[in-house]
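Just so you know, ligand 1 is whichever comes first in the structure, and atom 1 is the first atom listed for that ligand.
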Amino acid sequence: MNNRLDYLHAMGIQTWQLKNQPVTMPACPSASTEEWTTLRQAVANCTACGLDKTRTQTVFGVGNTNAELMVIGEAPGFNEDEQGEPFVGRAGQLLTSMLEAIGFDRETVYIANILKCRPPNNRDPQPEEVNLCTPFLRQQIALIKPKLLLAVGRIAAHYLLDTKTALSQLRRQIHHYENIPLIITYHPAYLLRTPKDKSKAYQDLQLAIYTLNHNKQ
Ligand code: URA
């Protein structure tokens, strides 16, 4: 696929002309490699919640550590646990298409999950697991200092907003997490099951781009 329209079609969405093209900003001074290495090691060695007993490997996060846009999902699934990278299965392919639909190559953003280990049988993360694991995510956010957070799905949205409000009511607003603008949208796995909501997800992505472009210094 070679242009945005192709990606929109891959998402299964009718197309219209995009007005706001994302602008690439000069990179800010980056967090030290040492800080990333220490954090990566801490995740790899973590046994805090017990999911180490069933994981193949930890799934740290992937992408540009100077990213303007950081995507936060739920937890690794089967493919991610096998490959050690977030969003590499079917849902991941759709996420990649969603990002490309708004002009972001996957490599230009940073992608991480609430949990760094796969819950058995892809069950929902348990509150204790979220409590024990999210300090890692918080450190990733602090090192990257993204200009926008995009939470995909209920688990990420509920954690970042500390709420239990239905995801459908959290969409279409600009929230904040520690002063960083935060947009909520559907999880790509949900969109694979419910393709009629892909156009709503595209509206959310438009809001994300709008927010990013209006929060540039
Ligand atoms: N679903 C998620 O939330 N994260 C992944 O990494 C894969 C699937």
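- Under the 4.0 Å criterion applied to side-chain N and carboxylate O atoms, Lys200 and Asp197 are assigned as salt-bridge partners.
- Side-chain rings of Trp36 and Phe136 stay apart, their centers remaining 6.0 Å or farther from each other.
- Side chains of Leu161 and Leu170 form a contact here, defined as non-hydrogen atoms less than 4.5 Å apart.
- For His187, the ring pair (Phe, Tyr, Trp, His ring centres under 6.0 Å) test picks out Phe87, with sequence neighbours left out.
- For residues 175-186, every residue pair satisfying the side chain to side chain donor-acceptor pair (under 3.5 Å) rule, not counting sequence neighbours, is listed here: Thr185-Asp204.
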Between the protein and ligand 1, are there any N or O atom pairs that come within less than 3.5 Å of each other, and if so, what are their names and distances?
| unit_1 | atom_1 | unit_2 | atom_2 | d |
| --- | --- | --- | --- | --- |
| ligand 1 | 1 (N) | His187 | NE2 | 3.2 |
| ligand 1 | 3 (O) | Glu74 | N | 2.7 |
| ligand 1 | 3 (O) | Ala75 | N | 3.4 |
| ligand 1 | 3 (O) | His187 | NE2 | 2.7 |
| ligand 1 | 4 (N) | Ala75 | O | 3.1 |
| ligand 1 | 4 (N) | Asn113 | OD1 | 2.8 |
| ligand 1 | 4 (N) | Asn113 | ND2 | 3.4 |
| ligand 1 | 6 (O) | Phe87 | N | 2.9 |
| ligand 1 | 6 (O) | Asn113 | ND2 | 2.8 |

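- Applying the side chain to side chain donor-acceptor pair (under 3.5 Å) test to residues at least two apart or on different chains, the pairs with a partner in residues 83-92 are Glu85-Arg106.
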